[in-house]
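Order of appearance sets the numbers: ligands from 1, and atoms from 1 within every ligand.
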Amino acid sequence: MKLPLILVNFKAYEQGTGGSAVVLAKIHERVAKETGANICIAVSALDLVKVCEAVAIPVFAQHTDFVGYGGHTGHILPDMVKGVGAYGTILNHAEFQLENENLEKCINAAKRAGLFVIVCANDGDRAKKISGFNPDLVAVEPPELIGGDLSVSKTEPAIIEKAVDLVGSGRVLVGAGIKDGEDVRIALALGASGVLLASGVVRAEDPYSILMDLVSGLKS
Ligand code: G3P
């Protein structure tokens, strides 16, 4: 995976699901093509098939379970996610948290299926613990800032520094409240390898312009 990266999580926002998921995914692909930036997206399991068919940028699931093929009604199988063309999966998002035992099983199952695994953590200490399970990247997001107007970069830079210090450079994304290129620039200057964000793009009136501004922060 090329670093740094910008990963936009479409969550379950109406603007990022169904037909809108494809439209929004194509805007991300356009910005990636125009700028050369590594822009990734995470979409609902229900939208993975059509989004993966529509764009060539890396597409992530928002969660995968640890079971394989068989009698597992309602589960999201990593093998199936890989099979429809997804690049990776997010695990343990603040809005879908897992106990360590199940999280480790989910990480192992996703990696066995060939998915790139990004695991979220609420703080640097949990990120350190999770890094022992060998995900590809950890994404540290203080939950109280998620979905709000204040960014982790501008209001809690110490959280970024601590996470990079504990987990190591080249392994940490940060997120929560990221809105603009300056937020991205600060995060990278503090040692992060990219950002994870959602509302700043998905709920924006003009996602293209926001993405272009975010990408401007990748250049020091
Ligand atoms: O998955 C990204 C996320 O939790 C941050 O959300 O809306 O604060 O960018 P947001």
Side-chain angles (χ1 to χ4, degrees), residues 1 4-17 20-21 24-25 27-28 31 38-45 47-48 51 57-64 76 86-98 103 106 110 115-124 126-127 130 135-157 159-160 163 172-188 192-215 217-218:
M1 172 66 86
L5 65 84
I6 293 174
L7 171 56
V8 179
N9 179 5
F10 290 10
K11 297 198 173 179
Y13 287 121
E14 196 172 2
Q15 301 94 322
T17 54
S20 302
L24 192 57
I27 294 172
H28 286 70
V31 174
N38 185 14
I39 300 179
C40 310
I41 55 177
V43 306
S44 161
D47 295 324
L48 275 173
V51 170
I57 56 174
V59 179
F60 283 71
Q62 296 173 349
H63 169 79
T64 47
I76 302 173
Y87 186 87
T89 188
I90 293 176
L91 291 170
N92 197 48
H93 191 277
E95 294 153 6
F96 198 147
Q97 296 187 56
L98 301 165
L103 176 57
C106 287
L115 294 171
F116 189 92
V117 180
I118 297 177
V119 180
C120 300
N122 288 351
D123 57 40
R126 182 93 200 276
I130 287 169
D136 293 292
L137 294 169
V138 293
V140 178
E141 299 194 306
E144 65 280 7
L145 297 179
I146 290 177
D149 293 328
L150 303 174
S151 72
V152 62
S153 301
K154 293 190 189 109
T155 62
E156 297 283 0
I159 289 180
I160 303 175
V172 178
L173 306 180
V174 293
I178 301 285
K179 294 280 185 295
D180 57 28
E182 181 64 0
D183 288 329
V184 175
R185 194 193 60 71
I186 293 169
L188 298 193
S193 297
V195 295
L196 172 59
L197 76 156
S199 54
V201 171
V202 181
R203 305 186 71 198
E205 277 188 19
D206 182 359
Y208 174 82
S209 302
I210 300 290
L211 284 165
M212 290 299 278
D213 185 36
L214 288 164
V215 168
L218 294 174

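F116 is linked by a ring-ring contact (aromatic ring centres under 6.0 Å, His included) to Y87, counting only residues two or more places apart in sequence or in another chain.
A heavy-atom distance below 4.5 Å is found between the side chains of L211 and I27.
One finds the SG atom of C106 at 5.5 Å from the CG atom of L91 (value rounded to the nearest 0.5 Å).
Of the polar atoms of Y13, none of the N or O atoms is found under 3.5 Å from an N or O of ligand 1, judged by distance alone. For ligand 1, the polar-atom distance check against A176 finds no nitrogen or oxygen pair separated by under 3.5 Å. Considering backbone and side-chain N/O atoms, E95 never comes within less than 3.5 Å of an N/O atom of ligand 1. Looking at ligand 1, you'll find an N or O of G147 within less than 3.5 Å of one of its N or O atoms. Considering backbone and side-chain atoms alike, L197 places every N or O at 3.5 Å or more from each N or O of ligand 1.
With D136 contributing its side chain and I118 its backbone, the two residues share no donor-acceptor pair below 3.5 Å. Of the possible polar contacts, one joining the Q62 side chain to the K11 backbone as a donor-acceptor pair under 3.5 Å is found.
For atom 4 (O) of ligand 1, the nearest non-hydrogen atom of the protein is H93 NE2, 2.8 Å. Of all protein heavy atoms, the one closest to atom 3 (C) of ligand 1 is E141 OE2, 3.1 Å.
Listed by atom number, the atoms of ligand 1 under 4.0 Å from I146 heavy atoms are 4 (O), 6 (O), 8 (O).
Checked against S153 for a side chain to side chain contact (heavy atoms under 4.5 Å, CB included), the options L145, V184, I159, I178 give a single hit: I178.
If you look at N9 next to ligand 1, the close heavy atoms, those under 4.0 Å, all belong to the side chain.
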